[in-house]
**Q** 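Below is one structure. I have some questions about it.
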Amino acid sequence: MVALAQLPAQGMGYRRVMHCDLDCFFAAVEELDDPALAGKPVIVGGDPEGRGVVATANYAARRYGVHSAMAAVVARRLCPQAVFLRPRFARYRELSQRVMALVREYAAVCQQVSVDEAYAELPPGLPGCRRAEEIARELKARVRTETGLVISVGVGRNKLIAKLASDLSKPDGCLVVRPGAETAFLRPLPVGRLPGVGPHTQQRLARDGITTVADLVARGPGELQRLYAHSGAWLWRMANGLDDRPVEGEHGPPKSISRERTYERDIASAERAEDEIRRLAERVARDAEDDHMLARTVTLKVKWYDFTLTTRQGPLPALTRDGGAIVAAALALFRTHIAPQLAPDHALRLLGVGLSALQPEGGALTVRGGYVQLRLFDAAACVA
């Protein structure tokens with residue numbers, strides 16, 4: 001499917017953002033490597049006989065109601081004839097790197113946001129420059145020819161419009177929303193198409209008679225703010241296609257490091273939960289060491305038996321990657337916030353430990369026993 005918004009570009013040097021999203025990526029890689037899967041429902045994810053979840057389902061499986069993050073046992077019930085496959089992340093990373101290298105050839109700045117999705121800031125639209133549709137079509141053709149995969153592409157004046165365009169053009173789509181066409185593009189859309197507007201928000205909006213983007217615009221910023229407080233201003237901006245977020249380059253350090261695990265059987269024992277937290281904390285400490293990063297904050301994540309999610313965050317005693325300090329901080333969060341709620345009928349199905357407020361090792365910083373230490377004159381300069 002290829003579509004092009006018809007309103008002409010206005011002015012010179014307008015911004016052009018391209019959003020690129022590989023279609024059903026994990027499942028598409030499996031079909032690429034095993035042609036016998038063509039035409040069959042394919043589900044990549046956890047064990048359907050256990051506690052796993054769906055990572056990706058191809059369109060043949062989606063027709064039965066299967067979707068990402070669904071429990072694998074539910075997916076098996078909806079589509080018993082599906083082929084269930086465990087993820088092969090090394091293979092996915094390999095093909096992702098090849099695709100993203102192609103995207104970067106067209107981008108002034110590229111921001112990869114997941115293994116199968118990226119934003120690209122194209123050179124500004126000027127008289128005589130290559131048309132965005134031409135670039136998008138060429139990229140799509142090259143991805144198919146050079147990797148065998150299918151990518152959907154959307155282009156607009158900002159990230160919001162570009163992502164909506166690629167989402168609406170799937171599968172195998174290309175949609176360019178020209179400057180000046182944003183209103184015609186946005187207003188017919190149901191509010192659920194806007195990023196961050198989930199089922200709960202949709203229900204609340206529907207109770208107030210708001211079901212489309214046009215309904216949001218008609219209410220005006222004042223009424224939306226009165227009805228939804230700070231969310232009202234955010235809804236107003238999205239409804240009018242306003243988004244000034246930059247496409248950020250990829251040369252900075254990671255913002256967080258985390259590990260988590262879903263268990264075959266729920267954990268009701270505090271002792272067993274603490275053993276698992278120790279393992280996860282030690283793994284993130286090793287990851288931080290491998291990445292040459294130090295952290296100020298530790299996060300504990302738990303998912304209860306009923307899929308309710310709880311996260312708790314606390315400071316580390318110093319900027320560190322020391323495994324003992326990370327284990328101690330994670331256990332302190334568990335003992336304070338989670339253990340008192342743990343019971344045979346209120347058990348855990350997932351545990352996770354993360355590090356954030358990261359800082360690269362080096363520069364004015366040196367490490368002693370896993371902790372950061374400022375040099376004497378650098379410390380004096382900080383005090384002054």
Side-chain angles (χ1 to χ4, degrees), residues 21-92 95 114-117 149-150 152 167-168 170-173 190-193 195-204 206 258-269 272-273 276 280 301-311 341-352:
D21 196 357
L22 287 157
D23 292 352
C24 305
F25 179 47
F26 293 177
V29 173
E30 299 301 335
E31 292 181 61
L32 179 69
D33 290 350
D34 183 2
L37 295 173
K40 298 179 180 178
V42 175
I43 298 172
V44 179
D47 182 2
E49 305 301 326
R51 305 292 297 275
V53 297
V54 175
T56 304
N58 68 0
Y59 286 105
R62 293 183 190 189
R63 285 196 287 269
Y64 292 87
V66 178
H67 58 77
S68 298
M70 172 182 284
V73 66
V74 176
R76 167 63 59 84
R77 194 181 308 131
L78 291 172
C79 189
Q81 70 273 38
V83 179
F84 282 80
L85 300 170
R86 299 304 295 270
R88 298 183 297 144
F89 293 113
R91 176 61 170 154
Y92 305 151
L95 283 168
S114 69
V115 71
D116 58 353
E117 181 183 1
L149 298 169
V150 174
S152 292
D167 287 348
L168 289 166
K170 282 181 171 289
D172 194 13
V191 289
R193 279 289 186 179
V197 179
H200 177 75
T201 304
Q202 287 182 62
Q203 291 172 10
R204 186 178 176 191
S258 64
R259 292 278 186 167
E260 64 182 47
R261 182 179 175 188
T262 300
Y263 298 95
E264 291 293 327
R265 294 185 178 180
D266 291 345
I267 296 176
S269 161
R272 186 187 165 206
E276 295 297 327
L280 292 166
K301 173 182 176 182
V302 304
K303 187 177 289 184
W304 299 94
Y305 73 100
D306 59 356
F307 292 87
T308 302
L309 187 65
T310 300
T311 60
Q341 304 178 54
L342 202 58
D345 60 348
H346 197 250
L348 302 170
R349 61 179 285 118
L350 175 147
L351 284 166

**Q** Can you see which heavy atom on Ala347 is nearest to which on Ile267, and at what distance?
**A** CB-O, 3.3 Å
**Q** Nearest 0.5 Å, what's the CD-CG distance between Glu31 and Leu37?
**A**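 Output value for this atom pair is 6.5 Å.
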**Q** Do Ser258 and Lys301 have side chains that get closer than 4.5 Å, going by heavy atoms?
**A** no
**Q** Is Tyr64 atom OH crowded by more than 12 heavy atoms from other residues, nucleotides or ligands, each under 6.0 Å away?
**A**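 At most 12 heavy atoms, drawn from other residues, nucleotides or ligands, come within 6.0 Å of this atom.
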**Q** Are side-chain heavy atoms of Leu351 and Arg261 found at a separation under 4.5 Å?
**A**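 A side-chain contact under 4.5 Å is absent here.
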**Q** If you take all heavy atoms of Ala268 and Ala343, which pair is closest and at what distance?
**A**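 Looking at all heavy atoms of both residues, the shortest contact is CB-O, 3.8 Å.
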**Q** Which of parallel (below 30°), tilted (30 to 60°) and perpendicular (above 60°) describes His346 and Tyr305?
**A** perpendicular
**Q** How long is the span from the CG atom in Asp266 to the CG atom in Leu350, to the nearest 0.5 Å?
**A** 10.5 Å
**Q** Dump the intermediate steps for side-chain contact (heavy atoms from CB on, under 4.5 Å) on Thr262 and Arg349, then the final yes or no.
**A** CA-CA 6 Å; Thr262 300; Arg349 61 179 285 118; 4.1 Å; yes
**Q** Between the main-chain N or O of Ala27 and the side-chain N or O of Asn58, is there a donor-acceptor pair closer than 3.5 Å?
**A** no
**Q** Is any side-chain heavy atom of Leu85 closer than 4.5 Å to a side-chain heavy atom of Phe26?
**A**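 Leu85 vs Phe26: side chains apart.
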**Q** Quick check: closest heavy atoms across Ala57 and Ile43, and the distance to 0.1 Å?
**A** CB-CG1, 4.3 Å
**Q** How close do Arg86 and Gly46 get, heavy atom to heavy atom, and via which atoms?
**A** NE-CA, 4.1 Å
**Q** Is it true that Arg91 and Glu30 have a side-chain N and a carboxylate O under 4.0 angstrom from each other?
**A** no
**Q** Does the Lys NZ or Arg CZ of Arg62 fall within the cation-pi geometry relative to Tyr59 - under 6.0 Å from the ring centre and within 45° of the axis?
**A** yes
**Q** Taking all atoms of both residues into account, what is the closest heavy-atom pair of Arg76 and Pro48, and its distance?
**A**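 Arg76 and Pro48 have their closest heavy atoms at NH2-CG, 3.4 Å.
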**Q** Taking all non-hydrogen atoms of both residues, which atom of Gly45 and which atom of Pro87 are closest, and how far apart?
**A**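 Gly45 and Pro87 have their closest heavy atoms at O-CD, 3.5 Å.
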**Q** Can you confirm whether Thr310 sits close enough to Trp304 that some side-chain heavy atom of one is under 4.5 Å from a side-chain heavy atom of the other?
**A** yes
**Q** Do Asp23 and Ser152 pass the side-chain hydrogen bond (donor to acceptor under 3.5 Å, both in side chains) test, and can you show the C-alpha distance, the side-chain angles, and the key distance before you say yes or no?
**A** CA-CA 7 Å; Asp23 292 352; Ser152 292; 2.9 Å; yes
**Q** Does the side chain of Leu32 reach to within under 4.5 Å of the side chain of Leu95, using non-hydrogen atoms?
**A**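 A side-chain contact exists here, since the closest heavy-atom pair is under 4.5 Å.
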**Q** Within the 4.5 Å heavy-atom criterion, are Leu78 and Met70 side-chain neighbours or not?
**A**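 Leu78 vs Met70: side chains touch.
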**Q** Provide the full list of side chain to side chain donor-acceptor pair (under 3.5 Å) pairs with a residue in residues 34-48, sequence neighbours left out, each pair given once.
**A** none
**Q** Stepwise, does the side-chain contact (heavy atoms from CB on, under 4.5 Å) test hold for Tyr92 with Val44?
**A** CA-CA 12 Å; Tyr92 305 151; Val44 179; 3.6 Å; yes
